[in-house]
2 protein chains.
Amino acid sequence: MIRFSTRGEYGLRMMMDLARHYGAGPESLTEIARHEALPPAYLEQLVGGLRKAGLVNSRHGAHGGYELARPPAQISVGEVMRVLEGPISPMVCATEGESEILCERQTFCSANVVWERVRDSVAQALDSLTMADLIPPRESQIIRRDHDTINVQAVASPATEGRKATRV
Amino acid sequence: MIRFSTRGEYGLRMMMDLARHYGAGPESLTEIARHEALPPAYLEQLVGGLRKAGLVNSRHGAHGGYELARPPAQISVGEVMRVLEGPISPMVCATEGESEILCERQTFCSANVVWERVRDSVAQALDSLTMADLIPPRESQIIRRDHDTINVQAVASPATEGRKATRV
DNA sequence: CTAATTCCGAGTGCGTTAGTAGGATATAGA
DNA sequence: TCTATATCCTACTAACGCACTCGGAATTAG
């Protein structure tokens with residue numbers, strides 16, 4: 001129940017790839033698609049929306065490609081997901097940003113509080129993460145411990161907990 | 001994005017109707033459907049699952065119908081929604097109760113923490129509400145204020161906030 | 001006996017999802 | 001200038017899931 005579509009998944013993974021590549025010039029769709037093993041033509045569709053939303057910049061022609069418009073720490077996951085999947089809306093009558101009454105029962109329908117709660121907690125979950133939280137910090141890729149090389153994901157997870165407030 | 005289907009909506013509204021009727025004997029599907037303005041034949045499908053899950057009891061034949069198997073305060077919204085819509089799973093690779101690896105990227109895919117966060121916060125939102133929180137308390141229906149009769153929904157909303165801890 | 005019910009499985013139309021296909025435009029490097 | 005590599009844009013489509021409906025069997029109160 002209550003599942004994201006592949007738009008959100010693929011799109012977020014694409015953004016993560018761009019975040020890892022941030023600062024190193026534009027990255028082409030072909031590269032991204034190969035890194036993430038995703039259909040390039042489909043990603044093209046998704047990246048169009050991200051560009052229009054001002055989350056990525058593009059460069060035409062040979063050696064062109066895409067790059068994040070802002071540093072990873074200044075792009076929240078919520079922002080990305082809203083562009084890819086639209087407003088958070090566990091039920092039509094509880095859509096983010098919509099004030100219109102769509103159902104004549106809405107005013108007295110107590111089920112509404114359920115959808116609103118879910119909506120707000122999903123929003124909270126997504127808005128409290130930035131792209132930077134999702135990618136392994138640069139340093140960690142060369143850090144070693146006494147017994148073994150640290151694997152990237154082991155470092156990344158705690159980082160998502162101990163993050164500071166976003167100031168976008 | 002991330003929307004519940006009508007199964008969840010209709011099913012929950014049906015349960016709410018049963019909760020309001022709790023203690024007054026079985027209620028037939030025809031009645032429920034009329035109260036909530038929902039297609040009876042579709043509700044039939046949904047109530048089947050709720051019965052198998054032990055959330056409602058049924059009585060065959062004339063003057064038969066359905067009733068909650070437990071008092072409203074002892075049925076959480078999460079329990080109801082999981083029966084109607086399946087396990088909470090914003091993404092296949094982050095399904096409640098599933099430990100199986102479905103994607104070879106799962107172990108190192110940092111997008112996973114996003115889906116898990118969303119999953120857990122949805123679960124929290126649903127599990128912290130009981131059916132009793134969704135229906136206006138009995139007393140309120142006869143309470144009057146100095147200027148006017150209190151309407152039921154006005155009483156119901158604050159009640160959902162000031163609830164005590166569930167002990168299921 | 002009859003009317004009102006639950007119970008069960010199969011079937012169906014429609015909208016959304018997850019893509020593909022094709023072509024126009026822009027740019028770096030030879 | 002030419003070519004290869006890109007973005008950009010719109011249209012198309014196959015498959016799937018959702019939201020139901022339908023028909024009929026079994027059960028029970030009056």
Side-chain angles (χ1 to χ4, degrees), chain A residues 1-14 18 21 25-69 81 84-87 89-92 103, chain B residues 1-14 18 21 25-34 36-69 81 84-86 89-92 103:
Chain A
M1 69 155 136
I2 207 162
R3 192 163 295 189
F4 289 111
S5 72
T6 58
R7 290 180 62 87
E9 187 201 344
Y10 295 2
L12 183 64
R13 282 169 58 188
M14 172 162 49
L18 287 173
H21 200 260
E27 192 181 9
S28 79
L29 264 188
T30 324
E31 288 178 281
I32 303 175
R34 197 182 53 240
H35 291 161
E36 292 293 326
L38 295 174
Y42 189 38
L43 290 188
E44 199 177 312
Q45 230 175 72
L46 305 183
V47 83
L50 294 166
R51 184 180 47 80
K52 281 172 191 152
L55 293 176
V56 303
N57 293 327
S58 61
R59 204 157 78 193
H60 273 101
H63 298 103
Y66 300 89
E67 55 191 349
L68 295 188
M81 292 299 288
L84 293 164
E85 304 236 344
S89 159
M91 208 79 248
V92 266
C103 151
Chain B
M1 71 156 135
I2 207 163
R3 192 162 294 188
F4 289 111
S5 72
T6 58
R7 292 180 60 86
E9 186 201 347
Y10 294 2
L12 183 63
R13 282 169 58 188
M14 172 162 49
L18 287 172
H21 200 259
E27 193 181 7
S28 79
L29 264 187
T30 324
E31 289 179 279
I32 302 174
R34 199 183 50 242
E36 294 293 327
L38 295 174
Y42 188 39
L43 290 188
E44 200 178 313
Q45 225 175 75
L46 305 183
V47 81
L50 295 166
R51 185 179 48 82
K52 280 172 191 151
L55 293 176
V56 303
N57 293 326
S58 62
R59 206 156 78 191
H60 273 100
H63 297 103
Y66 300 89
E67 55 191 347
L68 295 188
M81 292 300 286
L84 293 163
E85 304 237 346
S89 160
M91 209 80 246
V92 267
C103 152

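These numbers were taken from a predicted model, which means no experiment stands behind them. Reminder, nothing fancy here: chain letters follow the sequence lines and each chain counts from 1. Any value given below was found using the heavy atoms of this structure, including those in side chains, with hydrogens, waters and symmetry copies removed.
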Exercise for the section: Quickly work out the B:Ile2 CD1 to C:dT16 C1' distance and round it to whole Å. Expected result: 17 Å

Handout entry: Gap between atoms CD and P, on B:Glu67 and C:dT6 respectively (whole Å)
Key = 12 Å

Handout entry: B:Leu46 CG to C:dC8 P, straight-line distance once rounded to whole Å
Key = 15 Å

Fill in the blank from the handout: B/S/- along nucleotides 19-30 of chain C (protein heavy atoms under 4.0 Å) is BB-----BBSS-

Problem - Considering all heavy atoms, the nearest B:Phe4-A:Met91 contact - result: O-CE, 3.7 Å

Completion exercise
Whichever of A:Gly64 and A:Lys52 has the more 5' nearest nucleotide on DNA chain D, that residue is A:Gly64

Practice task
Between B:Glu31 and B:Arg51, just flag the one whose closest nucleotide in DNA chain C comes earlier from the 5' side.
Solution key: B:Glu31

Let me check something: any side-chain donor-acceptor pairs from residues 6-13 of chain A under 3.5 Å, sequence neighbours excluded? List them with distances.
{"from": "A:Thr6", "atom 1": "OG1", "to": "A:Tyr42", "atom 2": "OH", "distance (Å)": "3.3"}
{"from": "A:Arg7", "atom 1": "NE", "to": "A:Leu84", "atom 2": "O", "distance (Å)": "3.0"}
{"from": "A:Glu9", "atom 1": "OE2", "to": "A:Arg13", "atom 2": "NH1", "distance (Å)": "2.9"}
{"from": "A:Arg13", "atom 1": "NE", "to": "A:Glu36", "atom 2": "OE1", "distance (Å)": "2.9"}
{"from": "A:Arg13", "atom 1": "NH2", "to": "A:Glu36", "atom 2": "O", "distance (Å)": "2.7"}
{"from": "A:Arg13", "atom 1": "NH2", "to": "A:Glu36", "atom 2": "OE1", "distance (Å)": "3.4"}

Practice task
Decide yes or no for A:Met14 and A:Leu46: does some side-chain heavy atom of the first lie under 4.5 Å from some side-chain heavy atom of the second?
Solution key: yes

Handout entry: Contact check, side chains of A:Leu68 and A:His21, non-hydrogen atoms, under 4.5 Å
Key = no

Problem - Atom pair distance, as rounded to whole Å: CE in B:Met1 and P in C:dA18 - result: 14 Å

Handout entry: Nearest-Å distance for atom pair CG/P, residues B:Leu50 and C:dC8
Key = 14 Å

Handout entry: Set of ring pair (Phe, Tyr, Trp, His ring centres under 6.0 Å) partners for B:Tyr66, sequence neighbours left out
Key = none

Practice task
Sequence neighbours left out, what passes side-chain hydrogen bond (donor to acceptor under 3.5 Å, both in side chains) with A:Glu85? Give chain and number order.
Solution key: A:Ser5

Practice task
Classify the nucleic acid contact of B:Gly48 as base, sugar-phosphate or nothing, counting any heavy atom under 4.0 Å across all strands shown.
Solution key: nothing

Handout entry: Residue pairs, two or more places apart or on separate chains, that pass side-chain hydrogen bond (donor to acceptor under 3.5 Å, both in side chains) and touch residues 44-64 of chain B
Key = none

Exercise for the section: Using only side-chain N and O atoms of A:Arg3, determine if any of them is under 4.0 Å from OP1 or OP2 of C:dT16. Expected result: no

Fill in the blank from the handout: Closest non-hydrogen contact found for A:Gly64 with A:Pro26 is C-CB, 4.0 Å

Fill in the blank from the handout: Those residues at least two apart in sequence (or on a different chain) that pass side-chain hydrogen bond (donor to acceptor under 3.5 Å, both in side chains) with A:Glu67 are none

Problem - Euclidean distance, atom CG of residue B:Asn57 to atom C1' of C:dT5 [Å, nearest integer] - result: 16 Å

Practice task
Under 4.0 Å from any heavy atom of chain A: name the first and the last nucleotide of DNA chain D that qualifies, 5' to 3'.
Solution key: D:dT5 to D:dA11

